[in-house]
Protein chains: 2
Amino acid sequence: MLVTQKKQYALRALFELARRSDQAPIKSSEIAEAQAIPPRFLEVIMAKLKRSGLVISKRGFHGGYLLARPPADISVADLFTALDEKDRPEACSACVGKSTCPFMKNCVFMPLWEEAHNAVERVFGRTSLQDLLDRDQAPS
Amino acid sequence: MLVTQKKQYALRALFELARRSDQAPIKSSEIAEAQAIPPRFLEVIMAKLKRSGLVISKRGFHGGYLLARPPADISVADLFTALDEKDRPEACSACVGKSTCPFMKNCVFMPLWEEAHNAVERVFGRTSLQDLLDRDQAPS
DNA sequence: AAGTTTCTCGATCTTAATAGTCGGGAAGAC
DNA sequence: GTCTTCCCGACTATTAAGATCGAGAAACTT
């Protein structure tokens, strides 16, 4: 999978928060229900998003989650890189850790992996939550 | 991983074939050694490349593998799609198989996954084995 | 203050995909 | 005929992803 289930869940969750960004904090369980996400799993996802500063949490009776920034200021790439840090370009498996690499210090493939990585980063970098909201309002 | 180990092995194998495309058939074991690939694993990879028509095989004493087409006519994308057929854009996990999908028939995310998928396809589609060879000759 | 409600944390389990192995068989060269 | 190489299918192992659970800490309510 190019985009893991977890990332898709996370995106849907943020989308749900964005959609109701005027309202009071939204409970994890509400989001889970609205977006058909396993509730317990969503909890761990939200916790991570909290730690990485994308959302703000409030505990207690009227607790829940809020976006930390306006939807236009959160890109899909922000989310993805927040979710897992080891999201860099492919390393050429032959060049890593082995002295048997046939392309010492001049790997032919690295540039290719980087290109690919950058290509998807650009797509996700230029799409914000607001963009997704807009698409929702005006179905093309 | 954006590009699995298997695909990287396969690419390196094809690269090795391209590099010596003037010569007689090259044994799987030779390729394995030259590119530091687990020999037994490479066999299954080569078999698949054979079946999908990217390489030609010859059995017996002076047997081995040859590229089926000139290096300039084989793109990295050709290889990857040959290796696994289920290499399409991400499906929105909420939309698939469930009637619980919150975005009935108007998914906001699908276009995004498609964009990303196309972006990497384009990178791999425009890079041929010959391109890689050239990079090897003239290190920038 | 007592009692909910909700987030928070860490460990754990399950499942699926990837990576890699093995033994034996068939085609071709010498 | 025998040696070499590709060929095939089943099998095992390792890892990453997906998901669950129980108990604890903050916060609100009455």
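This is a predicted model, so every value here is computed, not measured. Residue numbers begin at 1 in each chain, while the letters A, B, ... track the order of the sequences.
- Atom NZ of A:Lys48 is separated from atom P of C:dC7 by 19 Å (rounded to the nearest Å).
- The side chain to side chain contact (heavy atoms under 4.5 Å, CB included) check on B:Pro25 picks up B:Lys58, B:Leu66, with sequence neighbours excluded.
- Take B:Leu2 and apply the side chain to side chain contact (heavy atoms under 4.5 Å, CB included) test, not counting sequence neighbours, and it matches A:Leu2, A:Glu90, A:Ala116.
- Contact annotation: A:Tyr9 side-chain N/O to D:dA19 OP1/OP2 distance is under 4.0 Å.
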Counting primed atoms, P, OP1 and OP2 as sugar-phosphate and everything else as base, the B/S/- map of nucleotides 7-15 of chain D against protein heavy atoms under 4.0 Å is BS-------
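- Taking atom CZ of A:Phe41 as the reference point, atom P of C:dC9 lies 17 Å away to the nearest angstrom.
- Atom CD1 of A:Ile26 and atom P of C:dT5 are 19 Å apart (whole Å).
- Here B:Ala32 pairs with B:Pro39, B:Leu42 under the side chain to side chain contact (heavy atoms under 4.5 Å, CB included) rule; sequence neighbours left out.
- In terms of the salt bridge (Lys or Arg N to Asp or Glu O under 4.0 Å) criterion, B:Glu33 has no residue partners (sequence neighbours excluded).
- Contacts of B:Thr127 classified as side chain to side chain contact (heavy atoms under 4.5 Å, CB included), with partners at least two apart in sequence or in another chain: A:Leu112, B:Val76, B:Asp131, B:Leu132, B:Arg135.
- Residue whose closest nucleotide on DNA chain C sits further toward the 5' end, between B:Gly60 and B:Leu42: B:Leu42.
- Residues A:Ala91 and A:Trp113 share a closest heavy-atom pair of C-CD1, 4.2 Å.
- Taking for each of A:His62 and B:Gly64 the nucleotide of DNA chain D with the nearest heavy atom, the 5'-most of the two is the partner of B:Gly64.
- Atom CD1 of B:Ile45 and atom P of C:dT18 are 13 Å apart (whole Å).
- Under the 4.5 Å side-chain criterion, counting only non-hydrogen atoms from C-beta, B:Ile37 is not in contact with B:Met46.
- Residue pairs satisfying the ring pair (Phe, Tyr, Trp, His ring centres under 6.0 Å) criterion with at least one member in residues 17-36 of chain A, sequence neighbours excluded, are absent.
- Applying the salt bridge (Lys or Arg N to Asp or Glu O under 4.0 Å) test to B:Arg40 and every residue at least two apart in sequence or in another chain returns B:Glu43.
- One interatomic measurement links the two molecules: CZ of B:Arg12 to C1' of C:dA19, which rounds to 14 Å at whole-angstrom precision.
- Applying the ring pair (Phe, Tyr, Trp, His ring centres under 6.0 Å) rule to pairs touching residues 30-61 of chain A yields A:Tyr9-A:Phe41, sequence neighbours excluded.
- Taking only side-chain nitrogens and oxygens, A:Lys6 never comes nearer than 4.0 Å to OP1 or OP2 of D:dA17.
- In the helix from C:dA1-D:dT30 to C:dC30-D:dG1, the terminal helix axes, each the rotation mapping four pairs' C1' atoms onto the next four within five end pairs, subtend 10°, rounded to 10°.
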Review item, nucleotides 1-3 of chain D N/O atoms under 3.5 Å of protein N/O:
none

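- By the salt bridge (Lys or Arg N to Asp or Glu O under 4.0 Å) test, A:Glu30 is found to be paired with A:Arg20, residues two or more places apart in sequence or in another chain being considered.
- Nucleic acid contact class of A:Ser29 (heavy atoms, under 4.0 Å, all strands): none.
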